[in-house]
Amino acid sequence: MPQDAIRAALTRVLAEMGVAAPRINLERPRDPSHGDLATNVAMALSRELKKSPREIAQTLADRLDLAEAGVTAVEVAGPGFLNFRLSSGAVASTLADIVASGDSWGRSRVGGGERVMVEFVSANPTGPLHLGHGRQAALGDVISSLLDWTGWNVHREYYYNDAGRQMELLAGSVLARYLQHLGHDADLPEGGYQGLYVHDVARALAEEVGDRFVADRSDEAMAEIRHFAVRALRAEQDRDLTDFAVHFDEYYLESSLYESGRVDATVAALRETGLVYEVDGAVWLRTTEFGDQKDRVMIRGNGEPTYFLPDVAYHMAKWERGFHRVINVQGADHHGTVSRVRAGLRALGLPEGYPEYVLHQMVTVERDGQEVKFSKRAGSYTTLRELFEEVGVDVSRYFFLMRKPDAHLVFDLDVALDQSDKNPVYKVKYAHARMCSIFAKAGMELDDMDGAGVDLSVLDHPLERELVKHLGSFPDTLIRAAEHTSPHILCDYLEQTAGAANSWYHAGNPSRNPELAVLVEDEPLRRARLMLTRAVQVVLRNGLAVLGMEAPVRMDRPVDEPEES
RNA sequence: GCGCCUGUAGCUCAGCUGGAUAGAGCAUCGGCCUUCUAAGCCGAGGGUCCUGGGUUCGAGUCCCAGCGGGCGCACCA
C-alpha cells in the first residue's frame with residue numbers, strides 16, 4: 001500500500017536527520033486540493049529538531065524518493081503539512097491488497113501477541129441483565145474483538161459474586177415468594193428483591209421440591225435455596241448473553257478466592273507492607289499513600305471482609321495468572337472503586353494504572369421523545385432481553401456502541417425500529433447487501449473476483465478515488481479504535497464507508513449517469529469497478545464482524561406499500 | 001462540600017499526538033427519482049465550540065477559575 005511505503009520512506013529520512021521511530025500520522029485531507037494523503041510530522045517534530053515546521057517539511061520533501069510508491073508530487077503546504085499526490089494506479093493498488101487479504105483485511109500485529117484480559121458484564125446473579133449490562137456486554141465484546149484484530153491475545157472474563165450478604169438477601173426473597181406461592185403468609189426481607197423474576201424462581205423451586213421448605217428453615221435449607229436461585233438466574237443471564245451474541249472464555253467466582261486461600265494470602269501480604277492498621281476492631285489499609293481520597297476498611301469490626309478485599313485479591317490473581325494488561329469495563333457508577341483497588345494493588349507492588357478501566361455512562365431509552373422507564377419483570381429498570389427482542393440484537397449492539405463510552409447514551413427506539421437509511425445499522429447493512437447484489441446482477445460469486453489482470457488505474461473518477469482512499473484507512477481505524485478502547489470510532493468509519501459507497505453507487509444510476517455504473521460494457525472498466533465493489537463489501541463485512549454483527553447478502557423488503565392509483 | 005465524567009448546529013452526537021476554511025445523521029427548506037431490484041438521490045440554510053483568563057507560531061482539543069448537567073462519595077454490595 002502507498003501508505004506503508006510513505007511511512008517507511010519518512011522514517012528512513014527522519015533517521016538520517018536524527019529522529020528515531022517517529023509516530024507518523026498519515027491522514028486523508030478533507031479538502032481534495034490538499035492531495036491524497038498528508039502528514040503533520042514536520043510540525044510535530046518542530047520542537048524536537050528546533051527548526052521551523054516548514055523548514056523540516058521542505059527538507060523531507062527534497063529528500064524523499066517516492067516515485068516507486070506511485071507518489072506523483074510532494075508539496076509543503078500551510079503551516080508545515082506535507083501533502084502527497086498519488087497516481088491513479090497507486091490509489092487503486094490498495095484494492096488489490098484488500099481483495100487478496102479478504103477475511104483478514106484490517107488485521108495488524110501492533111499488539112505483538114501479548115496477553116490481555118477484558119473483564120466485563122460481571123453482573124451479580126441476583127436478577128436479569130438490564131440495559132447497563134447490555135452496554136457493557138457490547139463494549140466489552142467489541143473491545144476484545146478490536147484487540148484481537150490488532151494482534152493481542154485476548155481473554156474474555158466474567159466475574160461474579162456468589163458469596164456475601166446479597167446472596168442471603170436473594171435466598172430470603174425467593175423463600176418469601178415461595179411461601180406466598182404455596183398459600184402462606186410471608187414478607188420480603190428488608191431490602192429484598194422486588195422483581196417479578198423472583199416469583200418465577202420461587203415457582204420453579206416449588207415445582208422441584210414441593211413444600212419441603214415450608215417447615216425446614218435450617219441453614220442447609222437456606223443454602224439450598226440460595227444455590228437454586230443462583231443457578232436459575234445464572235442460567236437466565238447465560239441465555240441472555242448467548243442470544244446477544246456475547247461469549248466468555250472464563251467465569252470467575254468470588255467464592256473461589258476464599259476457597260483457594262487467595263483472600264487470606266492477600267491480607268497477609270498487605271500486612272507485610274506496614275500500611276495496615278486497626279481502629280475500633282476494624283482493619284484498615286492506608287490507601288491514601290497511593291492517591292486514594294481516604295483510607296479503606298479491609299475487614300469490618302465483625303470480622304467480615306468488605307468488598308474491597310476480594311476485589312484486590314481478584315486483581316492480584318489476574319496479575320499472577322499472567323495478565324499484565326487488564327481492561328475492566330464497568331458502569332461509571334462504580335468509578336469510586338477504581339482508585340482504591342489500584343491503591344491496594346500498588347501497595348502490593350503492582351504498577352500504577354493497573355488495571356485499566358473503561359467506564360461507561362448510563363443508558364436511557366426513549367420512545368416518542370419520552371423516557372421509557374419501568375419494567376415489572378426487573379423490578380426497576382428495563383431488561384436487556386426486552387430491548388433486543390423488540391429492536392433486534394444487531395441494532396441493540398450497534399446503538400450501545402455508536403457513542404463513546406464517556407457519553408450518556410440515549411437509546412431512541414423510534415430510530416432503532418426504523419428500517420431505512422436513517423437507522424445507521426440499516427445504512428451499513430444495506431450498503432453491504434447492495435455490493436453483493438451487484439455481483440449477483442453480474443452473475444458472479446464474490447470469490448470469483450481475485451484481481452488477477454485487472455488494471456485498477458482506470459478508476460480515476462473523484463468519487464472512486466475518495467472511496468478507495470477511505471477503504472485504505474480501515475486498518476488504521478481499527479488500531480485507533482483499539483488504542484482508545486472506543487468501538488464508536490469503528491461505527492463512525494463504517495457509516496462513512498456506507499455513505500461513500502452509496503454516493504458512488506447512486507452516481508452510476510443508469511437513468512442518470514450510465515457511464516459511471518459498475519456493470520458497463522467496457523470490460524476492463526467493469527472489472528476494475530467490480531474490484532472496488534468487492535473491496536467495499538470486504539471492508540463492510542469485516543467491520544461488521546468486528547462489531548459482532550451479521551453482514552447480509554440481501555435485505556428483504558419489510559412490507560410492500562399498497563399501491564395508490 | 002469533595003472526586004470522576006460531561007457542556008460543539010433546532011435535536012442526537014463525531015472531531016485522531018494541539019494543525020489547513022469546525023463535521024455527520026436527524027429535523028427544516030429547494031430540486032429530482034420507477035431503479036446496477038430496493039426501502040431513496042442531489043443541494044441549501046443553520047455555530048459566541050458554556051463563560052473568563054493562561055500556555056503556544058497555532059487551542060473545540062492542554063492548564064487554571066467559574067457556571068450548568070450526570071454519577072459517586074459506608075465497618076453497603
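In what follows, chains are A, B, ... by sequence order, proteins preceding strands, each numbered from 1. Excluded from the calculations below are hydrogen atoms, water molecules and symmetry mates; all remaining heavy atoms, backbone and side chain alike, are included. Here the structure is a predicted model, which is why all the values come from computation and not from measurement.
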Q.
Let's go through Gln166(A) and Tyr193(A) carefully: what are the C-alpha distance in whole Å and the side-chain angles of both, what is the deciding distance for side chain to side chain donor-acceptor pair (under 3.5 Å) to 0.1 Å, and is it a yes or a no?
A. CA-CA 10 Å; Gln166(A) 291 305 308; Tyr193(A) 292 94; 2.6 Å; yes
Q: Kindly determine whether Thr533(A) and Phe439(A) satisfy side chain to side chain contact (heavy atoms under 4.5 Å, CB included), including the steps that lead there.
A: CA-CA 8 Å; Thr533(A) 305; Phe439(A) 270 76; 3.7 Å; yes
Q) What do the steps show when you test Asp295(A) against Tyr277(A) for side chain to side chain donor-acceptor pair (under 3.5 Å), and what is the final call? A) CA-CA 10 Å; Asp295(A) 289 346; Tyr277(A) 60 94; 2.6 Å; yes
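Gln361(A) has its CD atom 5 Å from the C1' atom of C5(B), to the nearest Å. In this structure, the CZ atom of Phe399(A) is 12 Å from the C1' atom of C13(B), given to the nearest Å. Separating the CG atom of Leu285(A) from the P atom of C75(B) is a distance of 14 Å, rounded to the nearest angstrom. Here C75(B) presents its C1' atom at 12 Å from OH of Tyr277(A), a figure rounded to the nearest Å. Computed from coordinates, the Asp292(A) CG to C73(B) P distance equals 13 Å when rounded to whole Å. Gln166(A) places its CD atom 8 Å from the C1' atom of C76(B), with the value rounded to the nearest Å. To the nearest angstrom, P of G40(B) lies 8 Å from OH of Tyr430(A). Taking atom CH2 of Trp284(A) as the reference point, atom C1' of C75(B) lies 7 Å away to the nearest angstrom.
Between His488(A) and G15(B), a side-chain N or O to OP1/OP2 separation shorter than 4.0 Å is present. Residue Lys294(A) has no polar side-chain atom (N or O) positioned under 4.0 Å from OP1 or OP2 of C73(B). For the OP1/OP2 pair of C76(B) and a distance below 4.0 Å, the side-chain nitrogens and oxygens of Arg300(A) include at least one atom meeting the criterion. An OP1 or OP2 oxygen of U17(B) is reached within less than 4.0 angstrom by no side-chain nitrogen or oxygen of Arg480(A). At least one side-chain nitrogen or oxygen of Ser503(A) sits closer than 4.0 Å to the OP1 or OP2 atom of C42(B).
In this structure, Ala77(A) reaches the bases: a heavy-atom distance under 4.0 Å links it to at least one base atom across the strands shown. Contacts of Ala282(A) with the nucleic acid, taken as non-hydrogen atoms under 4.0 Å apart, include base atoms. Heavy atoms of Asn40(A) sit under 4.0 angstrom from at least one base atom. Nucleic acid contact class of His408(A) (heavy atoms, under 4.0 Å, all strands): sugar-phosphate only. Heavy atoms of Tyr426(A) sit nowhere under 4.0 angstrom from any nucleic acid atom. Counting any heavy atom pair closer than 4.0 Å across all strands shown, His34(A) reaches a base atom. Residue-level contact check: Asp418(A) touches neither bases nor backbone, having no heavy atom under 4.0 Å from any strand. Val283(A) comes within contact range of no nucleotide atom at all, as no heavy-atom separation falls under 4.0 Å. Among the atoms of the strands shown, none is found under 4.0 Å from any heavy atom of Ala442(A). Within the 4.0 angstrom heavy-atom criterion, only backbone atoms of the sugar-phosphate kind lie near Asn124(A); the bases stay farther away.
Counting atom types as modelled, His335(A) pairs a side-chain N or O with a base atom of G3(B) as donor and acceptor under 3.5 Å. Evaluation of atom-type donor-acceptor distances gives no pair under 3.5 Å for the side chain of Asn423(A) against the base of A39(B).
With centroids closer than 5.5 Å and planes inclined by less than 30 degrees as the test, Phe81(A) and the base of A20(B) pass as a stacked pair.
Spacing of P atoms, G15(B) relative to G23(B), comes out at 15 Å, to the nearest Å. With C1' as the reference atom, U12(B) and U6(B) are 15 Å apart, rounded to whole Å. When the P atom is used for both C75(B) and C71(B), the distance is 23 Å, rounded to whole Å. Of the P atoms belonging to U21(B) and G60(B), the separation is 11 Å, rounded to the nearest Å. For G31(B) and G45(B), the C1' atoms lie 15 Å apart once the distance is rounded to whole Å. For the C1' atoms, the distance from U61(B) to A20(B) is 16 Å, rounded to whole Å.
With both pairing distances under 3.5 Å, C26(B) is matched to G10(B) as a Watson-Crick or G-U wobble pair. C41(B) is paired with G31(B) under the criterion used here, namely a Watson-Crick or G-U wobble arrangement in which both key atom distances are under 3.5 Å. With a cut-off of 3.5 Å on both pairing distances, the Watson-Crick or G-U wobble partner of G19(B) is C57(B). The base-pairing partner of C73(B), taking Watson-Crick or G-U wobble contacts with both distances under 3.5 Å, is G1(B).
Using a 4.5 Å heavy-atom threshold, the side chains of Arg135(A) and Gln361(A) count as touching. Two residues are said to be in side-chain contact when any heavy atoms from C-beta on lie closer than 4.5 Å; Leu253(A) and Tyr159(A) fail this criterion.
For the pair Arg342(A) and Phe290(A), the cation-pi test (distance below 6.0 Å, angle within 45°) is failed. Remark: Arg234(A) qualifies as a cation-pi partner of Tyr160(A) under the 6.0 Å distance and 45° angle criteria applied to the six-membered ring.
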Each nucleotide N or O in nucleotides 23-30 of chain B that has a protein N or O under 3.5 Å away: list the pair and distance.
from: A27(B); atom 1: OP1; to: Lys422(A); atom 2: NZ; distance (Å): 3.4

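With the nearest nucleotide of RNA chain B identified for both Gly499(A) and Met43(A), Met43(A) has the one nearer the 5' end. Each of Lys404(A) and Ala507(A) was matched to the nucleotide of RNA chain B holding its nearest heavy atom; the match closer to the 5' end belongs to Lys404(A).
Checked by atom type and distance alone, the side chain of Asp448(A) pairs as donor or acceptor with a backbone atom of Glu445(A) at under 3.5 Å.
Donor-acceptor pairing under 3.5 Å is recorded for the side chains of His470(A) and Arg28(A). For the residue pair Asp406(A) and His360(A), no side-chain donor N or O sits within less than 3.5 Å of a side-chain acceptor on the partner.
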